[in-house]
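Just below is one structure, and these are the notes that go with it.
All values reported here derive from a predicted model rather than from experimental measurement. Residue numbering restarts at 1 for every chain, and letters A, B, ... go by the order of the sequence lines.
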Amino acid sequence: MAAPFRLYNTLTRTVEDFVPVTPGRVGLYVCGMTVYDRCHVGHACAMMIFDTFVRYLRHRGWEVEFVRNFTDVDDKIINRANEVGEDPLALAHRFIAAFHEDADAMGLLRPDHEPKVSESIEDILTLTQQLIDRGHAYVVDGSVWFSVETFDAYGRLSGQKVDELRSADAAEGKRSGADFALWKAAKPGEPAWPSPWGPGRPGWHIECSAMAASRLGDTIDIHGGGLDLVFPHHENEIAQSECGHGAKYVRYWMHNGLLTMSSGQKMGKSLGNVINIEDALGAFPAQTLRLYYLQNHYRSPLPWGDEALPEALAMLSRLYEAREVAEAMGGEGDAEQLAKELGPDAEAVLNLGRAFPARLYAALDEDFNTARALGDLFELARAINRFANHKKAKKRGGPVVAPALAAFALVADATGLMAQPTRDFLDEVKTKRLAALGITRDEIEAKLAERNALRAEKRWAEADAVRGELDARNIVVMDTADGVDWRVKLG
RNA sequence: GGCGCCAUCGCCAAGCGGUAAGGCAGAGGACUGCAAAUCCUUUAUCCCCGGUUCGAUUCCGGGUGGCGCCUCCA
């Protein structure tokens with residue numbers, strides 16, 4: 001049974017109860033990449049948010065059909081291809097492969113469909129013809145333009161007024177400056193397909209209208225994308241789809257906030273401060289990125305800076321280490337009774353763990369508030385650690401901490417965060433950070449052995465000197481009850 | 001200029017009518033041979049000015065500041 005939830009709708013600018021076209025099912029379309037370069041952490045933000053959203057809906061019993069397109073025919077692709085002397089489609093498909101590599105490395109689910117413009121020409125031609133037939137589009141010199149003034153609701157999503165858009169040049173035979181291309185007549189050296197109006201290629205917006213309808217029907221439940229797509233892209237999609245199909249296009253518009261640089265501006269190629277996914281993932285586990293994106297509400301701008309990933313990793317490590325502590329607890333028996341015996345801190349973890357599912361759902365069902373959910377998780381982590389400080393916790397605390405471990409498993413299933421086995425994660429952190437620091441495990445083990453020998457003889461000063469050497473190389477030594485352990489300094 | 005969003009502790013960030021979650025960083029304490037980790041303690045007149053209300057960070061109006069879009073953008 002699908003659980004109800006609420007979602008902010010850009011069209012109405014309010015949080016609404018979600019009511020799908022078909023009970024229990026969600027048709028979700030998300031604008032994907034224009035593939036002319038590698039994916040950067042800004043793109044990944046949208047990818048990760050919708051990936052997490054899909055996981056959550058499925059976790060809550062919804063049957064989700066998730067479509068995310070590739071725009072592989074576009075001005076920017078053509079320009080880039082001309083620069084490097086490559087066939088535009090070949091270039092686009094090269095970057096689709098790269099995108100898949102990045103997406104897989106980030107731990108993203110594949111959408112159910114990933115349509116490409118180049119494979120959707122038929123649908124695009126059909127929709128364009130429909131728009132001409134219905135008097136919403138006109139042909140000029142082999143190009144087809146959408147006539148904005150034929151659609152009264154134009155501008156409703158973005159709050160733009162058609163009158164004000166007219167100031168733009170009515171170039172290339174457009175009747176109005178606000179009109180936009182559905183089909184562009186072929187120019188020499190550009191990819192082109194035959195059409196009733198002559199050879200050409202699709203305009204920028206028509207693809208999404210066509211691809212969304214062909215996979216999800218005339219009315220889709222949720223359409224997602226970055227906030228920067230609201231105008232003109234999504235506005236134009238509405239115009240095309242509603243005029244062409246005569247049906248409401250989208251029930252809920254879900255826009256994610258953009259990644260911003262510490263300077264306040266969004267990340268962009270023109271600013272020259274772009275971090276690619278593969279670079280980010282070289283030094284940090286994929287889970288780091290997921291936590292980084294989820295720590296903010298999805299509609300807020302997300303600040304990026306040099307400390308963003310290190311800080312996210314510090315947070316994540318805290319979570320994983322708390323889970324490791326809980327996992328190490330043994331014992332058996334009735335949790336309730338045991339908690340009473342072990343004291344208030346035991347009772348606290350037990351209760352927090354048990355209350356967690358309801359809190360998680362409350363946060364996520366209300367406009368997908370991952371930030372709030374994360375706050376709750378950290379409280380749980382602290383409760384575990386506090387309890388773990390008790391002498392008897394490790395031997396007997398297992399049952400008390402079982403609901404907390406279940407809570408972590410729940411988070412993993414519902415959001416993809418904490419989905420990695422604890423040991424794997426902690427190991428990956430070491431491997432990646434060590435590689436970044438240029439130090440090997442063998443070197444560390446050797447130093448540790450040296451220090452242990454000195455400690456055994458209580459030659460503290462010398463032992464501390466060895467520790468100091470390691471510390472200088474960003475290795476932190478930890479003497480625990482179970483022996484000597486070490487961590488890589490974060491940051 | 002037009003449209004929209006936002007302003008909460010040093011930094012990041014929830015909350016959105018009943019005097020403020022969480023994280024990072026800092027300080028002090030417990031623990032430790034000393035550390036680290038962990039735990040405890042500790043830091044908020046919620047941008048300003050009006051208004052509505054018994055009561056506002058939360059609602060309304062006006063400022064100020066920031067950002068996004070209006071040309072390609074996740």
Side-chain angles (χ1 to χ4, degrees), chain A residues 10 13 30-34 36 39-50 68 71 74-76 79 155 157-161 163-165 167-169 178 204 224-233 235 255-260 262-270 291-292 295-297 299-303 305 307-308 310-312 314-319 321-322 325 345 359 363 369-390 455 458-461 463-464 467-468 471 475-481 484-487 489-491:
Chain A
T10 307
R13 302 188 197 286
V30 176
C31 286
M33 292 272 296
T34 297
Y36 69 103
C39 192
H40 67 236
V41 290
H43 301 119
C45 180
M47 306 307 162
M48 191 65 92
I49 285 167
F50 287 104
R68 185 180 59 210
T71 297
D74 173 85
D75 291 343
K76 280 185 294 190
N79 292 156
L157 179 71
S158 59
Q160 301 291 323
K161 294 193 184 71
D163 296 349
E164 265 136 26
L165 297 169
S167 55
D169 291 334
W204 174 34
L227 206 48
D228 54 349
L229 292 176
V230 173
F231 190 90
H233 189 235
E235 194 72 70
H255 290 105
N256 62 276
L258 305 178
L259 198 81
T260 54
S262 46
S263 60
Q265 268 83 34
K266 73 176 180 179
M267 180 175 282
K269 287 248 187 302
S270 51
L291 182 121
Y292 165 65
Q295 67 179 320
N296 252 38
H297 186 90
R299 282 194 283 118
S300 303
L302 213 208
E307 343 68 38
E311 188 175 312
M315 295 170 76
L316 233 206
S317 299
R318 179 172 167 79
L319 254 19
E321 282 172 15
V325 164
D345 288 340
R359 295 223 278 165
N369 196 336
T370 53
R372 199 172 112 200
L374 234 26
D376 294 342
L377 234 206
F378 277 100
E379 282 188 48
L380 187 63
R382 185 174 351 105
I384 290 171
N385 285 331
R386 192 189 295 143
F387 172 56
N389 282 155
H390 290 259
R455 290 183 74 221
K458 295 198 191 308
R459 291 157 67 178
W460 305 124
D464 289 352
R467 185 173 63 196
D471 187 75
I475 303 303
V476 183
V477 178
M478 305 164 69
D479 299 322
T480 73
V484 180
D485 199 2
W486 57 274
R487 290 280 133 87
K489 254 194 239 174
L490 305 176

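B:C67 is paired with B:G4 under the Watson-Crick or G-U wobble criterion, all donor-acceptor distances under 3.5 Å. Under the Watson-Crick or G-U wobble criterion, with both distances below 3.5 Å, B:C39 is paired with B:G29. Judged by Watson-Crick or G-U wobble contacts below 3.5 Å, the nucleotide B:C59 has B:G51 as its partner.
With C1' as the reference atom, B:A20 and B:U45 are 13 Å apart, rounded to whole Å. The gap from the C1' atom of B:G61 to that of B:G22 amounts to 34 Å, rounded to the nearest Å. Between the C1' atoms of B:A44 and B:C12, the separation comes to 15 Å (whole Å). The separation of B:C16 from B:C24, taken at their P atoms, amounts to 24 Å, rounded to a whole angstrom. Going from the C1' atom of B:U32 to that of B:A13 covers 34 Å, rounded to whole Å. Rounded to the nearest Å, the gap between the C1' atom of B:G62 and that of B:C9 is 28 Å. Between the P atoms of B:C46 and B:U19, the separation comes to 14 Å (whole Å). A gap of 46 Å separates the P atoms of B:C67 and B:A35, to the nearest Å.
For the pair A:L291 CG and B:A13 P, the computed distance is 14 Å after rounding to whole Å. Put simply, CE on A:M33 is 13 Å from C1' on B:C72, counting in whole angstrom units. Regarding A:H233, its NE2 atom lies at a distance of 11 Å from the P atom of B:C72, rounded to whole Å. Between A:D485 atom CG and B:U38 atom P there is a gap of 13 Å when expressed in whole angstrom units. Residue A:N385 contributes atom CG, which lies 13 Å from atom C1' of B:C40 at whole-angstrom precision. Rounded to whole Å, the distance from NZ on A:K161 to C1' on B:G4 is 11 Å. Note: CD (A:Q160) to C1' (B:G2) measures 7 Å, nearest angstrom. If you take CG of A:L380 and P of B:C39, they are 12 Å apart, rounded to a whole angstrom.
In this structure, the side chain of A:H390 does not engage the main chain of A:F387 through any donor-acceptor pair within 3.5 Å. Checking side-chain atoms of A:T370 against main-chain N and O of A:Q295 turns up no donor-acceptor pair under 3.5 Å.
When heavy atoms are screened at a 4.0 angstrom cut-off, A:L227 is found touching no nucleic acid atom at all. Using a 4.0 Å heavy-atom distance criterion, A:S300 is classed as a sugar-phosphate-only contact. Among the protein residues, A:T34 comes within range of the sugar-phosphate backbone only, with heavy atoms under 4.0 Å from sugar or phosphate atoms but none that close to a base. Looking at heavy-atom distances under 4.0 Å, A:V230 makes no contact with the nucleic acid at all. Using a 4.0 Å heavy-atom cutoff across all strands shown, A:G32 reaches sugar-phosphate atoms only and no base atom. Nucleic acid contact for A:H297: sugar-phosphate only, since backbone atoms but no base atoms lie under 4.0 Å from a heavy atom of the residue.
In this structure, the side-chain hydrogen bond (donor to acceptor under 3.5 Å, both in side chains) partners of A:R459, at least two apart in sequence or on a different chain, are A:E457, A:E462. Residues satisfying the side-chain hydrogen bond (donor to acceptor under 3.5 Å, both in side chains) criterion with A:R299, sequence neighbours excluded, are A:D367. With sequence neighbours excluded, the residues satisfying side-chain hydrogen bond (donor to acceptor under 3.5 Å, both in side chains) with A:E321 are A:R487.
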Which nucleotides of nucleotides 16-33 of chain B have their base under 4.0 Å from a protein heavy atom (B), which only their sugar-phosphate (S), and which neither (-), written as one string 5' to 3'?
-----BSBS--------B

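For B:A14, the OP1/OP2 oxygens have no side-chain nitrogen or oxygen of A:N369 closer than 4.0 Å. One finds no side-chain N or O of A:N256 lying less than 4.0 angstrom from the OP1 or OP2 phosphate oxygen of B:A74. Side-chain N/O atoms of A:R386 include one lying less than 4.0 angstrom from OP1 or OP2 on B:C40.
If you take CG on A:L374 and CG on A:L316, they are separated by 8.5 Å, rounding to the nearest 0.5 Å. Here the OH atom belonging to A:Y292 is positioned 11.5 Å from the CE atom belonging to A:M48, to the nearest 0.5 angstrom.
Listed nucleotides: B:A13, B:A36, B:C70. Nearest to the side chain of A:P232: B:C70.
A:P301 has its side chain out of reach of A:L258: every pair of non-hydrogen atoms, C-beta onward, lies at least 4.5 Å apart. The side-chain heavy atoms of A:D345 and A:N389, taken from C-beta on, include no pair separated by under 4.5 Å. Looking at A:W460 and A:R455, their side chains come closer than 4.5 Å, going by heavy atoms from C-beta outward.
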Show each protein N/O and nucleotides 41-44 of chain B N/O combination with a separation under 3.5 Å, one pair to a line.
none

What are the atom names and distances for every N/O pair under 3.5 Å that joins the protein to nucleotides 58-61 of chain B?
none

